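Worksheet: one structure, shown below.
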Amino acid sequence: MVDLSVDLGGGHRLPNPLMTASGCAANGKELHRFFDVSDLGAFVTKSVMADPRSGRGTPRMAETASGMLNSIGLQGPGIEAFVDEDLPWLQSVGARVMPSIAGSSSTEYAHVAATLRASRAFDAVVGVEVNISCPNVANRGLVFACDPMASAKVIALVREQLPRDIPVFAKLSPDVTDITAIAAACVKAGAEGLTMINTLLGMVIDTDLMRPQLGGVTGGLSGPGIRPVAVRAIWQVRQAMFEGRIPTVPIIGVGGVRTGRDALEMVAAGASAIQVGTVVFNDPSAPVRVLRELCELLEAKGYDRFTDAVAVAHGR
Amino acid sequence: MVDLSVDLGGGHRLPNPLMTASGCAANGKELHRFFDVSDLGAFVTKSVMADPRSGRGTPRMAETASGMLNSIGLQGPGIEAFVDEDLPWLQSVGARVMPSIAGSSSTEYAHVAATLRASRAFDAVVGVEVNISCPNVANRGLVFACDPMASAKVIALVREQLPRDIPVFAKLSPDVTDITAIAAACVKAGAEGLTMINTLLGMVIDTDLMRPQLGGVTGGLSGPGIRPVAVRAIWQVRQAMFEGRIPTVPIIGVGGVRTGRDALEMVAAGASAIQVGTVVFNDPSAPVRVLRELCELLEAKGYDRFTDAVAVAHGR
Amino acid sequence: MTGQATDRALRGRVTQEVAEVIATRRVGAYQHITLVAPGVAELARPGQFIALAVGGESSGTLLRRSFSIHRVSPSGTYGGTVEIVVSAVGAGTRWIVDRVPHDTIDVVGPLGKAFPLPTEPVACVLVGGGYGSAPLFWLAGELRERGCHVEMVLGAASEDRLFGVVEARRSCDGVTVTTDDGSAGHRGWVSDVLPDIIDRTNAGVVYGCGPMGMLESITRVAEAHGAVAQVAVEESMACGIGVCMTCVMPVVGSDGRTRMVRSCVEGPVFRGDRVRWDAFDGGHARVPDDCVGAPKVGGH
Amino acid sequence: MTGQATDRALRGRVTQEVAEVIATRRVGAYQHITLVAPGVAELARPGQFIALAVGGESSGTLLRRSFSIHRVSPSGTYGGTVEIVVSAVGAGTRWIVDRVPHDTIDVVGPLGKAFPLPTEPVACVLVGGGYGSAPLFWLAGELRERGCHVEMVLGAASEDRLFGVVEARRSCDGVTVTTDDGSAGHRGWVSDVLPDIIDRTNAGVVYGCGPMGMLESITRVAEAHGAVAQVAVEESMACGIGVCMTCVMPVVGSDGRTRMVRSCVEGPVFRGDRVRWDAFDGGHARVPDDCVGAPKVGGH
Ligand SMILES: Cc1cc2nc3c(=O)[nH]c(=O)nc-3n(C[C@H](O)[C@H](O)[C@H](O)COP(=O)(O)OP(=O)(O)OC[C@H]3O[C@@H](n4cnc5c(N)ncnc54)[C@H](O)[C@@H]3O)c2cc1C
Ligand SMILES: Cc1cc2nc3c(=O)[nH]c(=O)nc-3n(C[C@H](O)[C@H](O)[C@H](O)COP(=O)(O)OP(=O)(O)OC[C@H]3O[C@@H](n4cnc5c(N)ncnc54)[C@H](O)[C@@H]3O)c2cc1C
Ligand SMILES: Cc1cc2nc3c(=O)[nH]c(=O)nc-3n(C[C@H](O)[C@H](O)[C@H](O)COP(=O)(O)O)c2cc1C
Ligand SMILES: Cc1cc2nc3c(=O)[nH]c(=O)nc-3n(C[C@H](O)[C@H](O)[C@H](O)COP(=O)(O)O)c2cc1C
Ligand code: FES
Ligand code: FES
């Protein structure tokens, strides 16, 4: 049997590297009908902000070749409802939770982190993912993740709110000229890990109506079609770590993972854990299926430990 | 019958808006076996540099979900052979030609443009596309298209070499934080048009060998999977033109066009012409098929002129 | 997530299985397909739907397509079967109607909330637009078993787009047909004939399934004539299982407040008077200003 | 583009057609498929290949898959047919072998250069590795028509991966079989038996089709024994029609200079001694330093 366990920091050893992707798994109850969410290495929840949010009008999705666009607009119950209802439920079924938090200002992020930390089910938390792909109200709506300074500020403030044994993961956007610059800024500001990648900015025109198909005009592109971009981002950042340009921290890979092979691809490029997002819409039990397939592949290749496969494609 | 003609500048009225995409159609002879290349609005040739180039080692391709990666490395015969053999051949069959030019330095671009201009078959040229997605030797290999200053310099030098009635199209990369900034720099430097988009930087790991699949490690991602990124780029730049942030020039749309519907999508987003690239590998006569399908769609929607459909999705 | 409603929806069991097509036949403009899917067949209730994967392992079409369950037979020669009625409109539905017997399709279901059944034997009118009638025959049977008088109204653009007229006559106490072009039954809309039927039968509930515009008018008519409308909506769904938040629509909760709720788990059946019809416009649904968490002026 | 060679390759006519599968059967580890493709059947010559599209209109698999033409029948009950022999190794070939009679596949062909035929009736040895033998039987027939003595060597890892042993005995003057595991014929490689056969028959040409390593050793053996090697290579191809430059390999031209040439239009058949075998290494091919346009030290 391959040892699948992995330590992503803070001394929380996860039984395996498979996770849900934020926003593609809601907060657990729905997928728990298909598989036991505590079988995952960690459950990443939908990005939560301070207050309840309705999200955007509809249509909120458009199907694309080997992927989809979404413009949900971070619909959610707000952090209070999250810590009162969702987090305790996840704890009750034994899930290890990686909450994803968001904000329109760096102080909102900090407030959400502080509320989380003070909550009764915080014990279930093994890390916090900071979704910095949000429009920054203070900067004409430019998303935090496109600006190293704004990203660093959010990460530093969130880091301050959380205990040391809770690693903070900065979730990066691929829509930048140089992702290693953003990665470096986040790690220097205190991120103990990076999640790559969030969706690509995209758009579909409804040619029947000759207008943008999404209510929100543009949306986030996800799914297998973007996997090569995710693998490249992971590779580049990991390479920068090898070259000493960024301190070495764990990378969580996400973007178009459909099979165990896809997961292994990201692992070989440098990911220490894997999230499955859009493919859940195709196959609700994809996260556990991918885990099984990954395990079989590692076994066939003669690996004793999952962690031995991390970043092996570098320097070959 | 819908009037499909379009004027992309310099007074060259093209009979229709369909073109090949640079590097996906070689220099004409191969596709001429499948359809008459003079039936296209224009034929865009493989980016040519000053000297002959072997390109990269192999493997040079990896298939991806609804797309592919390539790392050809601009293999080509050099501008002298191009103007001696390829351009005259294209002229001999009556094609309208849009040569694509490339360089490792801004002076190389200028030299290629000057050689082109001085060539005997230059009459067949209706515009020049400047592929600025090349590594800039003077700037640690950073591609020109990622830097507004470097892009502007190339465009300005190329513009100087060519007669006024030959419009210069700057071909932009989507791998930037703000594509409107690069577009603005190019137009201000003299580009009379923009081609969007070149490939996205991507990567595939061969999980049998556990190493990068491409000889060139990273490669360019193309095909239907990236179309939403292309549509978004066209939309954003066209929007910036409407808002007066960029002078209005024609946009040539490229990226994942497979059907007439896809072409219409780009047109509605703001493209005045359409290139078909990777899909040619699936269907060698795709450019003329897409043209036919586009024409049927416009007819069904009651358009008299193709140009009336350009950018209609804005402000709806 | 609006606590209560969601929890109730999520208690319903669901399964994923590779179903074999055992029969497929053309019915007017539609394809009537029978799948061997014992798990779904056992669990399903009228009004629920299934989500089918499209294409094979390397399909570029990632999202499932949703179909109302027309009928289930919990056991039989092949094990339980599930029937659906498909209108081929795009690439996904074309792929589905092209399947031949012995082909397999990956199925997730049953999904969503079923039509609520009245506790008393009141008269009911069931209104189906086009293939929207598909889930109503099964519902009719269950209602009549409870002693309800059941009438059905079938409407469509033209005769070939009506589904189940013969079956309706068999399973209901009265059937009225309308077509936009008059090619069958009354020329006009279901809303033209509905008021009389409600009044005549003194119906307590009107069930509807069909296009949004029709569901809105059913709701309006039902309200005006003292009946409750229960309508099954059809929104674009990326996941169908409640995890993506794409299928939302503005619905008024029991607390009187409007929320953007997921039509895949809190629907597809909603009480018509709870739906904020005022927010819908040409395929788009706005977030009403009074919606919980709506963007404030100046924007989120 | 290296002027001459390309022009010659491009004079060959090509067609694109939707072919119907009329027969498909298992042969050892392979699937032997017959397609109705009259246009291709009429134009093709031995050594050329066809490129098949995979999946339907919304397939996520964009690139065509290439297969050597096993045999053509320019006319018949159904019109001209084309036969191929497919080894299912990945998603694309799995899709192809799953087609049943009456399914259709989009075909482009014939592609590439055919095996050059000797002008004199010299003896020839045809060497096929695995399914690489597929195009050789047709070639054997043409060679024997010209009065050539034809022997064939079929090699594979094991017996089930040999293709066409019976057909070889019918169509050739001598057949030798080798398998790596000894499950049929001689235990060992084709290069073990080839020297003797060349010497015995005094062969002038050795034709080869199979994995790269085998083609290299055929070339080496042929050279050492005074024969010319003509080998059909198999490189990853995005387009198959000469427009993408992905299928290149370093080949020495008639001017003695090495260029990265397209194996889809200037190949797949190359004279073995022209191929720069030294540049190949574990699935990668380097650009030799002396290649026309090779990156200079310090980079381009
Ligand atoms: C709860 C529910 C029940 C349904 N029941 C039936 C039924 O019984 N019979 C039937 O024929 N159809 C039914 N539909 C509609 C059916 O799901 C769509 O027609 C189908 O998804 C269209 O897919 P396509 O690939 O052919 O079209 P495309 O236009 O190519 O689809 C593109 C995308 O848009 C979505 N989409 C397009 N049209 C619709 C639509 N009308 N509703 C929802 N999503 C859509 C698709 O799911 C896909 O994601 C139902 C839909 C829902 C949500
Ligand atoms: C000129 C030529 C003739 C061929 N003749 C035959 C034949 O007669 N019988 C036969 O079974 N196979 C033949 N092949 C190999 C066949 O094309 C590949 O096995 C097939 O493309 C693999 O596709 P896949 O989807 O199953 O594999 P995948 O590994 O999923 O394919 C992924 C990508 O890699 C490419 N690829 C993978 N393996 C090969 C390969 N060996 N050669 C070229 N490209 C590859 C595919 O085309 C595709 O683009 C030939 C190849 C060439 C170039
Ligand atoms: C419908 C949908 C909603 C998403 N919501 C969030 C979110 O709330 N927070 C976040 O960080 N990422 C969100 N994402 C991005 C995913 O977590 C993931 O980074 C991206 O989709 C790429 O992975 P995938 O291709 O596996 O889906 C969302 C993606 C989708 C498709
Ligand atoms: C094999 C290949 C080679 C290419 N070569 C060039 C090139 O030489 N110059 C250039 O500007 N773009 C080149 N491109 C990019 C295409 O012209 C086009 O911008 C891109 O592929 C997106 O369009 P598509 O999805 O229709 O292919 C190449 C693309 C491919 C797939
Ligand atoms: S379709 Fe995904 S939440 Fe309803
Ligand atoms: S495969 Fe495209 S040039 Fe040969």
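Labels below follow one simple rule: chain letters A, B, ... track the order of the sequence lines, proteins then strands, and each chain is numbered from 1. Note that the coordinates shown come from a computational prediction; the quantities given were computed from them, not determined experimentally. Computed from heavy atoms alone, side chains included, the values below leave out hydrogens, waters and symmetry copies.
- In this model, a donor atom of one side chain and an acceptor atom of the other lie less than 3.5 Å apart for B:Q275 and B:E129.
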Legend entry - Full working for salt bridge (Lys or Arg N to Asp or Glu O under 4.0 Å) between D:E216 and D:R276: CA-CA 9 Å; D:E216 180 179 359; D:R276 289 290 300 269; over 6 Å; no
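- Both the backbone and the side chain of D:C244 come within contact range of chain B, with heavy atoms under 4.5 Å apart.
- Contacts with chain B were tallied for D:A51, D:G92, D:G60; D:G60 has the most, counting heavy-atom pairs under 4.5 Å.
- With rounding to the nearest 0.5 angstrom, the OG atom of B:S54 is 11.5 Å from the CD1 atom of B:I72.
- Comparing D:T258, D:V292, D:L62, D:V287 by how many heavy-atom pairs each has under 4.5 Å with chain B, the most go to D:L62.
- With a 4.5 Å cut-off on non-hydrogen atoms, B:D206 does not touch chain D at all.
- Proximity to chain D is limited to the side chain of B:R258, based on heavy atoms less than 4.5 angstrom apart.
- Among D:S236, D:C291, D:A238, D:P250, the residue making the largest number of heavy-atom pairs under 4.5 Å with chain B is D:A238.
- When only modelled atom types and interatomic distance are considered, D:Q31 and D:Y131 share no side-chain donor-acceptor pair under 3.5 Å.
- Of the N and O atoms on the side chains of B:R120 and B:Q91, not one donor lies less than 3.5 Å from an acceptor on the other residue.
- B:S285 touches chain D through backbone and side chain together, each having a heavy atom under 4.5 Å away.
- Of all the listed residues (B:D283, B:T64, B:L214), the one sharing the greatest number of non-hydrogen pairs under 4.5 Å with chain D is B:D283.
- Remark: side-chain polar atoms of D:S68 are not paired, donor with acceptor, to backbone N or O of D:H70 under 3.5 angstrom.
- With a 4.5 angstrom heavy-atom cutoff, D:V108 touches chain B only via side-chain atoms.
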Legend entry - Step-by-step side-chain hydrogen bond (donor to acceptor under 3.5 Å, both in side chains) determination, B:R60 to B:S71: CA-CA 5 Å; B:R60 289 181 173 184; B:S71 73; over 6 Å; no
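- Taking D:M237, D:Q16, D:M249 one by one and counting their heavy-atom pairs under 4.5 Å with chain B, the maximum is reached by D:Q16.
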